[in-house]
Protein chains: 2
Amino acid sequence: MVDGKEKKNFGIKDIARLANVSIATVDRVLNNRKDVSDATRQKIKDIIKEYNYQPNLYARSLSVKNNLNFAVLIPKTSLETGYWQLCLDGIEKGIKELEPFGIQTTVFLYDQEDVRTFVKVSEQILHGNFNAVVIAPIFIKETEDFVRQCHKRKLQTIYINSDIPSKSTLGYIGPDLNSTGRLAGNLTSYLVNPGAKILILNVAKGLENYKYLDTKIEGYKEYLHHLDRQFEIDIADIPYNVYEEVERELLRKMKTGSPDVLFVTNSRVSVVGQFFYEHPEITKPYLIGFDFLEANVNYLTKGVVDFLICQRPDKQGYLALNYLYRFFLLKEDGVNFKPMPIDIITIENYMFYEN
Amino acid sequence: MVDGKEKKNFGIKDIARLANVSIATVDRVLNNRKDVSDATRQKIKDIIKEYNYQPNLYARSLSVKNNLNFAVLIPKTSLETGYWQLCLDGIEKGIKELEPFGIQTTVFLYDQEDVRTFVKVSEQILHGNFNAVVIAPIFIKETEDFVRQCHKRKLQTIYINSDIPSKSTLGYIGPDLNSTGRLAGNLTSYLVNPGAKILILNVAKGLENYKYLDTKIEGYKEYLHHLDRQFEIDIADIPYNVYEEVERELLRKMKTGSPDVLFVTNSRVSVVGQFFYEHPEITKPYLIGFDFLEANVNYLTKGVVDFLICQRPDKQGYLALNYLYRFFLLKEDGVNFKPMPIDIITIENYMFYEN
DNA sequence: TCATTTTCCGTTTACGTTAACGACACTTAT
DNA sequence: ATAAGTGTCGTTAACGTAAACGGAAAATGA
């Protein structure tokens, strides 16, 4: 047991020897190809099972001469939504890993405030010669159209970040949005007494595109209602991105009395944090928001934001490419649904949170 | 950009062609071996830099004929400490990945309540022919002795799970224990009002061995004291493992009034959870504990345990083997300190938490 | 001067898997 | 009868890197 020597690697060559055939025949069985008699096939399969043969993935990767082209279709990173940069980080990590396998990956970006940019790049993808596309959907109808076109052209699709009704061929990798809202509700319940005032805040330009925010809100209210603690829950929209406009709206809203908990439904919680940081005269509510962005962490460390709920966007992007690799190269099945962990970040554990 | 074709893999052969030498010479430069003139070496280095050559790790892994033996030295899994099973899971995943490289890994288990078992297996490791050992230390003095012996015999060492004063050669992979305690304090601060009664509870047989619990307690008290909210903080030891004994002690302690928050300093929080679950007549405090064990999650779902603080023990084990691989095969540096993320698990996100 | 060592470098095999290509026997069509 | 087709299988050259081995030239020793 201590001396490791007798157990050399059991490979395709050994199988061939045991079965009295050539390695080519073994290869045919392993890859489910034809040109092997049933008797020989069965004998080889038995040996594979008996010796628990595991193919050497490194050798396979070396040998295989791939010519796969993947596309990635995600929103452009902007100042207000550094979120997508994180996603891109993970994707680029995946791209690097796939390169030695001869897999080319191209990233296409679209403006999440301008549907025409989405249509434009999606057509580029359709006319490029791709085998699969990773999609982070925002515009529901247009994405469904695009996916339908993809399927016509035998282009595999996989969603990340948020799921939409139209089924992709390979599934969805991302958070369960309803649970994400429920978790926010759960945290809220620890912060305040029955009867507390709670404000749900949607902050974003073009809010009509962000249908998935409703799912979060649904989970949030669902959780709080079932507690039956007579909370006074309000919802407000602030359809702006820049601080000055948000500030104006918040000032107006806070005139009528500050809530005890403020739940910002997306990653724009930093501008709300900035508001309370710059207005110490206003009683700060507990502040819950989303995503591990630098600006958000900044107000976390200042003690203005209390909880950040995070979903590892980088891991989503990385995993999506990883699944494509496994689907094409290792012939594994699609994912259907791979839920991301939902992480809680506070001022005391943010420094160890990793991509 | 869309057509991926011209960019074939740039390899050692291409470097050789460009430098008018054979691939063997390039190999010598890449592996810092001798038998190359300074002029040739420099020319090759320039080309490598100019074309940003990246070695194909899959090819290297295939080619290299390793004969490395790793040892893993961790506590045995018992009914009370399923924690170590998680750690072992990650280690076994790592072992599987290392096998195709010709790396043999042997796991040695010791009884964390019996120092003699530690000494016994550690001697086995010293006499076996190993190149490196992953250590999850419990007994501080004995571990230090062992590490000293290892260094004498050129045996690389790496700690996981908890750090101890004696320096290992390759570093430590695990949580920052003080921060772990601070995080528990942070959560506590959201749960109660100033002046609340807080009880810190150490539950384990042979508590004298668990010096690292003190570090957690230190962080916990440190955080709460700096808030200056006049909390009434008590510490109690329950040096037992089985439920009946813990129950007896807890009944005695609760007679004098139940605390508002109960902080269990290790993974034995499930027995405390069981206590309050079976004694509904006693007012349940908020309950904070450690580790994603089935028993703990069970009382989390029942609403008895409020927060579990987790540190991904499986990832520690996996990473340790991964670092050894990189140290020996890829000649990368040691880690020194790789902090694990500290995760907060509640009833609303436990179902997505993954190993 | 000749023998020996040292320095520098190329040829070749191996790692485990894939797949193109061809060989052979046997069947079917003409 | 011969040609063409089909089913089964083996030989062999790749993939990119590592390293054993040997060879030629230069340096050193006597």
Side-chain angles (χ1 to χ4, degrees), chain A residues 7-45 47-48 51-68 97-103 328-331, chain B residues 7-45 47-48 51-68 97-103 328-331:
Chain A
K7 218 239 168 179
K8 37 166 41 194
N9 271 345
F10 181 81
I12 199 176
K13 216 180 295 183
D14 304 285
I15 302 176
R17 191 169 32 77
L18 289 171
N20 276 322
V21 295
S22 77
I23 58 169
T25 304
V26 179
D27 184 64
R28 279 185 267 264
V29 174
L30 283 172
N31 292 49
N32 280 319
R33 277 177 295 171
K34 33 182 287 188
D35 294 345
V36 183
S37 71
D38 287 347
T40 312
R41 191 180 292 273
Q42 193 53 48
K43 181 159 55 163
I44 292 175
K45 275 190 172 170
I47 294 175
I48 288 173
Y51 287 84
N52 186 30
Y53 163 77
Q54 300 284 93
N56 185 322
L57 298 186
Y58 306 95
R60 169 180 295 172
S61 310
L62 230 207
S63 170
V64 94
K65 189 92 207 125
N66 285 111
N67 217 8
L68 288 172
E97 285 192 20
L98 261 42
E99 255 170 10
F101 297 98
I103 298 174
F328 282 99
L329 282 265
L330 310 186
K331 293 145 197 167
Chain B
K7 216 239 169 180
K8 35 166 41 195
N9 272 344
F10 181 81
I12 199 175
K13 217 179 295 182
D14 304 284
I15 302 176
R17 190 170 32 78
L18 288 170
N20 277 322
V21 295
S22 77
I23 57 168
T25 305
V26 178
D27 184 64
R28 279 184 267 262
V29 173
L30 284 173
N31 293 50
N32 281 320
R33 278 177 293 172
K34 34 181 290 188
D35 292 344
V36 183
S37 72
D38 287 346
T40 311
R41 190 180 293 274
Q42 194 52 49
K43 181 161 53 163
I44 292 175
K45 277 191 171 170
I47 294 176
I48 288 173
Y51 287 83
N52 187 29
Y53 162 78
Q54 300 283 92
N56 184 323
L57 298 187
Y58 306 96
R60 168 180 294 171
S61 309
L62 229 207
S63 170
V64 94
K65 189 97 207 118
N66 285 112
N67 218 9
L68 288 172
E97 286 191 21
L98 262 42
E99 254 171 9
F101 297 99
I103 299 174
F328 282 100
L329 284 262
L330 311 185
K331 293 147 198 167

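By convention in this document, chain letters (A, B, ...) are assigned in the order of the sequence lines, proteins followed by strands, and residues within each chain are numbered from 1.
Residue contacts for B:Asp27: at a heavy-atom cut-off of 4.0 Å it reaches a base atom on one of the strands shown.
With D:dT17, C:dT17, C:dC15 as the candidates, the nucleotide lying closest to the side chain of B:Ala59 is D:dT17.
Protein atom CD1 of A:Ile15 is 10 Å distant from nucleotide atom P of C:dT18, rounded to whole Å. In this structure, CG of A:Leu30 is placed 14 Å from C1' of C:dA19, rounded to the nearest angstrom. Rounding to whole angstrom units, CG of residue A:Leu57 and C1' of C:dT17 are separated by 11 Å. Computed from coordinates, the A:Arg33 CZ to D:dC9 P distance equals 14 Å when rounded to whole Å. The distance from atom CZ of A:Arg17 to atom C1' of C:dT17 is 17 Å, rounded to the nearest whole Å. A:Tyr58 places its OH atom 15 Å from the P atom of C:dT18, with the value rounded to the nearest Å. Rounded to an integer number of Å, the gap from CG of A:Leu62 to P of C:dA14 is 17 Å.
A:Tyr53 places none of its side-chain heavy atoms less than 4.5 Å from the side chain of A:Ile47. Between B:Leu18 and B:Phe10 there is a side-chain heavy-atom pair separated by less than 4.5 Å.
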Under 3.5 Å, which protein N or O atoms sit close to an N or O of nucleotides 6-12 of chain C? Give each pair with its distance.
| unit_1 | atom_1 | unit_2 | atom_2 | d |
| --- | --- | --- | --- | --- |
| C:dC9 | OP1 | B:Thr40 | OG1 | 2.7 |
| C:dC9 | OP2 | B:Ser37 | N | 2.8 |
| C:dC9 | N4 | B:Arg28 | NH1 | 3.4 |
| C:dG10 | OP1 | B:Ser22 | N | 3.4 |
| C:dG10 | OP2 | B:Ser22 | N | 2.6 |
| C:dG10 | OP2 | B:Ser22 | OG | 2.9 |
| C:dG10 | OP2 | B:Thr25 | OG1 | 2.7 |
| C:dG10 | N7 | B:Arg28 | NH2 | 2.9 |
| C:dG10 | O6 | B:Arg28 | NH1 | 3.2 |
| C:dG10 | O6 | B:Arg28 | NH2 | 3.3 |

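In the helix from C:dT1-D:dA30 to C:dT30-D:dA1, the rotation axis of the first five pairs and that of the last five pairs differ in direction by 50°, rounded to 10 degrees.
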### Message
Could you walk me through whether A:Ile44 and A:Thr40 satisfy the side chain to side chain contact (heavy atoms under 4.5 Å, CB included) test, starting with their C-alpha distance in whole Å, then the side-chain angles of each, then the deciding distance to 0.1 Å, before giving a yes or no?
### Response
CA-CA 6 Å; A:Ile44 292 175; A:Thr40 312; 4.0 Å; yes
